[in-house]
**Q** 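Before anything else, here's the structure in question.
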Amino acid sequence: MKKHKFTIAVSGLNAIDSPGPGVAVIRGLREADSFDVRIIGFSYESLEPGIYMHDVVDKTYQIPYPTAGTDALLARLAYIHDIEKLDVIIPNFDAELYSFMKLEDTLKAMGINMFLPTIQQFEERHKVNLPEFGKKYDINVPFSKSIFSTSEIYSLNNEFVFPMVIKGKYYDASIAYNLEQAKSYFNKISAKWGLPIVVQQFVHGTEYNVTGLGDGKGNTIAAVPMRKQYITDKGKAWGGISIDDKRMIALTEKFVSQTKWRGGFELELMKGQDNEFYLLEINPRMPAWIYLAVGCGQNIPEALVNLAMGEEVAPYTDYVKGRMFIRYAWDMIVDIDEFHEISTKGEL
Amino acid sequence: MKINKNIAISDSGFVFNPVNGESFSVNPIGAEIIDMMKTEKSYEEIHKTLISKYNADEATIEKDYFDFVGLLKQHNLIDNNEEA
């Protein structure tokens with residue numbers, strides 16, 4: 001039977017020390033059994049490597065930064081859609097998700113499908129709101145507080161013991177062992193990601209992640225837990241292994257059923273010395289290591305596209321345990337003309 | 001005393017705990033002991049096998065065996081509720 005060919009736009013083509021999930025998502029899509037794809041890359045900067053990976057991305061368009069507003073984004077998407085006839089968009093950056101969620105109905109009317117969390121889900125799970133989230137859904141979360149100025153750091157002594165984690169609104173986190181470090185990380189991270197800064201009690205333990213997919217009705221369509229084996233100084237997994245931890249699966253199913261989560265997600269967990277899992281963060285999108293889930297038999301990007309297209313998707317019930325991913329960097333040789341093209345015309 | 005059921009051990013002595021993703025290397029005698037524990041052999045049976053195969057006195061074998069079991073417990077490879 002001939003497979004349907006979808007045109008799918010994917011962002012997150014960057015691969016710096018905090019790599020975007022785009023290329024990993026595309027690898028999953030290209031390996032999908034249920035459809036063929038033409039991949040449109042969405043980029044923000046001219047040096048995102050995915051732009052130049054022509055066997056991964058068929059054509060790339062630059063799109064405006066979220067700060068330009070949804071009108072500018074919509075105008076650009078309308079232009080791209082006119083040429084490419086997009087079936088699905090998969091945004092992969094936390095910082096851009098809000099704009100796409102705002103535009104979901106408008107894009108749907110244009111024939112472009114997405115499968116994103118609702119704005120309520122997106123806000124509720126935000127690291128700023130994590131303590132309330134934990135209370136509401138009865139999930140262990142470390143104590144945390146949002147602060148707006150360095151002067152507030154001095155009063156934290158009453159509520160926190162060092163070390164504490166200083167976290168940016170969207171990305172970045174550093175462990176502070178004293179007030180001076182806390183202040184310095186506050187300034188550094190707030191300059192990059194704005195306010196508030198989230199101060200979270202540091203939990204000693206081992207880091208685990210789960211990536212999964214919720215159908216928006218409370219069903220867990222996919223869930224693959226992973227233990228980080230090799231961690232960069234940014235805290236990113238550069239190697240990991242799929243594991244068979246029933247408690248993590250139960251926690252994931254609880255999260256999905258209670259929030260009726262819609263879309264891909266990643267739960268960042270810490271197993272403390274008391275052997276309990278603490279939820280450190282909920283990322284409202286697929287993680288950069290999503291291809292491990294594909295490699296373990298759960299093609300989450302494929303399932304997400306089918307859900308976006310309104311198909312019924314049966315939940316995955318199993319995955320390969322003990323399968324690893326090891327990330328590597330690869331220097332591509334790129335002609336200056338290609339750089340010139342994307343830099344000046346915003347298309348390649 | 002039971003070793004956790006899911007533990008995988010290769011012929012070369014590579015031990016993988018799929019519950020938490022930890023892996024270890026054990027020497028051939030360690031691998032042999034884990035294999036015997038996986039088939040739910042009792043301490044007495046394991047002890048008897050080791051005495052008959054290796055040229056060491058009973059006290060040494062007993063001490064080394066319990067040291068090894070202690071390590072397995074420490075690394076969550078044995079159900080900690082089980083008595084050695």
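Letters A, B, ... are given to chains in the order of the sequence lines, protein chains preceding strands, and every chain is numbered from 1. Worth saying up front: this structure is predicted, and the values here are computed from it rather than measured.
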**Q** Is it true that, when you exclude B/D11 itself, more than 12 heavy atoms of the residues, nucleotides or ligands shown sit nearer than 6.0 Å to its CG?
**A** no

**Q** Measure distances from A/S242 to the heavy atoms of chain B and classify the residue's part below 4.5 Å as side chain, backbone, both or neither.
**A** backbone

**Q** If you draw a 6.0 Å radius around NZ in B/K48, do more than 12 non-hydrogen atoms from other residues or ligands fall strictly inside?
**A** no

**Q** Any idea which heavy atoms bring A/K271 and B/N20 closest together, and the distance?
**A** NZ-CB, 4.4 Å

**Q** Between OG of B/S23 and CD of A/Q229, what distance do you get to the nearest 0.5 Å?
**A** 6.5 Å

**Q** Other residues, nucleotides and ligands only: do more than 12 of their heavy atoms fall within 6.0 Å of OH on A/Y230?
**A** no

**Q** Which pair of heavy atoms, one from B/N6 and one from A/D244, lies closest together, and at what distance?
**A** ND2-OD2, 3.9 Å

